[in-house]
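In this chain, residues are counted from 1 in sequence order. Note that these values count all heavy atoms, side chains included, but never hydrogens, waters or copies made by symmetry. All ligand and atom numbering here is 1-based and tracks the order in the structure.
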Amino acid sequence: MRRLRVGVLDLVTKNPKASLYGRIMNPNLASIMPQVVAVWCEREGHEVTLVCYTGIENLLEELPADLDLLFIGAFTQSAQLAYALSAMFRERGAVTVLGGPHARCYPEDAAQYFDYVLGFTDRAVIAEVLHEAAPHRPAGRYMEAARQPAELPTLQERWKYVESTLAKAPAIKIVPMLGSLGCPYTCSFCIDSTVDYQPLSFGQLREDLSFLLTRMKNPIVGWHDPNFGVRFDDYMEAVEAAVPPGRMRHIAESSLSLLSEKHLKRLRSNGFQAILPGIESWYDMGNKSKTRRTGMDKVEQVAEHVNLILRYIPYIQTNFVLGLDGDKGPEPFELTKRFLDLAPGAFPAYSLLSAFGRAAPLNLEYQRTGRVRPFPFHFLNNNHAMNVAPRYYTWPEFYDNLVDLSRYSFSGRAILKRIPATATMIPKWMNVVRSVSTEGWGRIRYHTMIRGLLDTDRSMRDFFEGQTETLPEFYVARVRQELGPLYRYLPPGALMHDPNAYLHSSAAPVQPAGAVQLTAASARSAD
Ligand code: B12
Ligand code: SF4
């Protein structure tokens, strides 16, 4: 086979520029799969350049001019950036491939702008793409492995990519690691609710952790497992076998149901410094929080649990989804405020209910009932738009509650209360910085602005309410401004998408994403 010049781009931002916070944090958001894909391409004998795009790189300088094949890994929020970059590199003669959450969620849309769109990706799928490496236009070829890969390259193999990415992080450096795929829980809104839980090799995990200690002095590991610690004892044994006490710090997303006091003691002794459990709602998703209670009962129980966690783990971020169908009236928002009063040390992260295309079975229901709005992908990051019309709120009511809750959560009083509620310096500092930056005060400003426009800009209100599909100028102008010089590469029509493509797809009219499995051999055009 011809030796190809392959580029791999990991888009961790949606804009070709970075804020101060972005400059510090973006390299720490790097994905594992682009590094994995780069290693697989090398193993097939090709020449590979990987760039983690944090918003400041000049891609025309960092990637070879004569690329044969360009892989792009993108979240949906980076879709318009990815589409523009695909057009730019196609113009220079490259064949382009999209993978990652956006490709998994919106394959029909992405296939209009890429030669290949990949769902679940294993080494065989990558080998087939490399073997063919041909343009597929106007409709890209969709390929997907039958299931998640059984194994991934070692950390040692992907180290040069980790190292070059973390070299861009001026302060905190977080090494991305993965111990499992899928999840045994079935939260209806989640992309992994239909993907079987599958641990990767614990032997390799031990080797990876031992290797890391030979490269960094006191590393911080960021676990990308959708739900860390399902096989808790096996994980802890792997960590304990590889890492002497005090030599490594860890950050993980784990459900409350896995965080018993016994587990917390072991997490603490193994250096776990930050934990991000999902609470989601006071009325839904009880299994994750290990409770059948709802409403104020649940608030009290979860607050007590969170305070217990804080006695063992210095930093906790609690994740909520706002706008779920179980919520009605101001009460869910008021309950979250009571939770913040009872557990002031928790940093609250709010996600607006988002139906990411094929991500979850529940999305079909939203599409069938006409509740999904075509906000451009650029705004679908759980914050800048909520693309599902709330069931029991008008839009102004919903935004009034959202603004009120955001103000309460990041008020001077809440910020001050959070300081003594955590024990050590870095968490205290992190909570203050996050509150006053784009995450806290920035979101208050943004949500307040949207709330105002719902009253003053008819085009916004009509678009939110589904009276028109014409995109308000507010969104067009924002994408134009944020993509900057790359905007001119955005193909015509690429700002909009069919919000019901999953429902309309003849290939999978009523099946959840996990069930739509095509083997590489049976891969098809996504037209
Ligand atoms: C770990 C994680 C994070 C980590 C690490 C992110 C990262 N860069 O990977 C952190 C905390 C930083 C994070 C941040 C965010 N996240 Co996140 N995150 C996850 C989580 C829990 C696991 C994803 C994962 O790594 N799985 C393991 C990998 C191996 O499996 P996989 O993702 O299924 O990937 C397969 C294929 O897609 C493919 N593939 C994946 N990447 C690539 C790349 C290439 C080039 C190729 C060819 C193939 C390929 O191969 C894999 C094997 O089959 C998922 C939820 C979940 N349960 O899956 C959400 C999820 C991916 N996140 C989500 C979101 C919205 C975000 C944020 C926007 C949140 C926010 N507001 O800040 C940011 C965006 C960050 C960014 N880089 O742009 C959404 C994405 C939806 C979408 N369509 O965009 C998800 C699905 C959660 C949800 N809401 O449902 N996240
Ligand atoms: S516990 Fe987390 S990863 Fe698992 S299905 Fe629920 S939201 Fe998804």
Short N or O distance, Glu253 and ligand 1, threshold 3.5 Å exclusive | no
Using heavy atoms and a threshold below 4.0 Å, how should the contact between Leu380 and ligand 1 be classified: side chain, backbone, both, or neither?
-> neither
Provide, to 0.1 Å, the distance between atom 35 (C) of ligand 1 and the closest protein heavy atom, together with that atom's residue and name.
-> Gln148 OE1, 3.9 Å
Is there a nitrogen or oxygen of Thr121 sitting under 3.5 Å from a nitrogen or oxygen of ligand 1?
-> yes
Ligand 1 versus Arg104, non-hydrogen atoms closer than 4.0 Å: side chain, backbone, both, neither?
-> side chain
Check each atom of ligand 1 against the heavy atoms of Asn383 and keep those under 4.0 Å away; list them by number with element.
-> 71 (N)
Can you find an N/O atom of Asp192 closer than 3.5 Å to an N/O atom of ligand 1?
-> yes
In this structure, atom 78 (O) of ligand 1 is nearest to the protein heavy atom Gln77 NE2, 3.2 Å
The protein heavy atom nearest to atom 51 (C) of ligand 1 is Met33 CG, 3.5 Å
Could you tell me which atoms of ligand 1, counted from 1 in the order shown, lie closer than 4.0 angstrom to a heavy atom of Gly73?
-> 43 (C), 45 (C)
Is it true that the side chains of Tyr142 and His136 contain a donor and an acceptor less than 3.5 Å apart?
-> no
Protein residue, atom and distance nearest to atom 26 (N) of ligand 1, heavy-atom basis | His224 O, 4.3 Å
Numbered atoms of ligand 2 (with element) below 4.0 Å of Cys190, judged on heavy atoms = 3 (S), 5 (S), 7 (S), 8 (Fe)
Could you tell me which residues satisfy side chain to side chain contact (heavy atoms under 4.5 Å, CB included) with Thr54, sequence neighbours excluded, listed by chain and number?
-> Val12, Asn26, Pro27, Cys52, Ile56, Glu57, Lys168
Atom 86 (C) of ligand 1 [closest protein heavy-atom partner, distance rounded to 0.1 Å] | Ile191 CG2, 3.5 Å
Specify side chain, backbone, both or neither for Asn28, according to which of its non-hydrogen atoms lie closer than 4.0 Å to ligand 1.
-> neither
Closest approach of Ala171 and Ile24, non-hydrogen atoms and distance?
-> CB-CG2, 4.5 Å
Pair Gln317, Arg434: side-chain N/O donor-acceptor within cut-off below 3.5 Å | yes
Cation-pi check, Lys14 to Phe379: give yes when NZ or CZ is under 6.0 Å from the six-membered ring centre and within 45° of the ring axis, no otherwise.
-> yes
Look at atom 65 (C) of ligand 1 and say which protein heavy atom is nearest, naming residue and atom and giving the distance to 0.1 Å.
-> Asn382 ND2, 3.5 Å
May I ask you to check whether Leu29 has an N/O atom sitting below 3.5 Å from an N/O atom of ligand 1?
-> yes
Between Asp10 and Tyr161: side-chain donor-acceptor atoms closer than 3.5 Å | no
Identify the closest protein heavy atom to atom 27 (C) of ligand 1: which residue and atom is it, and at what distance?
-> Leu181 CD2, 3.7 Å
Please identify which atoms of ligand 1 are closer than 4.0 Å to at least one heavy atom of Gly119.
-> 36 (C), 38 (C)
Select one of side chain, backbone, both or neither to describe which atoms of Thr76 lie under 4.0 Å from any atom of ligand 1, heavy atoms only.
-> both
Centroid-centroid under 6.0 Å between Phe202 and Tyr235 rings | yes
Region of Phe75 that comes within reach of ligand 1 [heavy atoms, distance under 4.0 Å] = both
How about Cys187: does one of its N, O or S atoms come closer than 2.8 Å to atom 4 (Fe) of ligand 2?
-> no
Is the gap between the ring centers of Tyr502 and Tyr106 under 6.0 Å?
-> no
Short list, please: which atoms of ligand 1 are under 4.0 Å from a heavy atom of Cys105?
-> 83 (N)
Side-chain touch Arg358/Asn363, heavy atoms, less than 4.5 angstrom | no
What protein heavy atom sits nearest atom 71 (N) of ligand 1, and how far away is it?
-> Asn381 O, 2.8 Å
How are the rings of Trp223 and Phe228 set relative to one another: parallel (under 30°), tilted (30 to 60°) or perpendicular (over 60°)?
-> tilted
List in chain and number order the residues that pass side-chain hydrogen bond (donor to acceptor under 3.5 Å, both in side chains) with Arg43, two or more places apart in sequence or in another chain; answer none if no residue qualifies.
-> Glu157
Could you tell me which atoms of ligand 1, counted from 1 in the order shown, lie closer than 4.0 angstrom to a heavy atom of Leu118?
-> 47 (C)
Gly100 heavy atoms within 4.0 Å reach ligand 1 at atoms 37 (O), 39 (N), 40 (C), 41 (N), 42 (C), 43 (C), 48 (C), 49 (C)
Contact region, Ala30 to ligand 1, non-hydrogen atoms below 4.0 Å, reads backbone
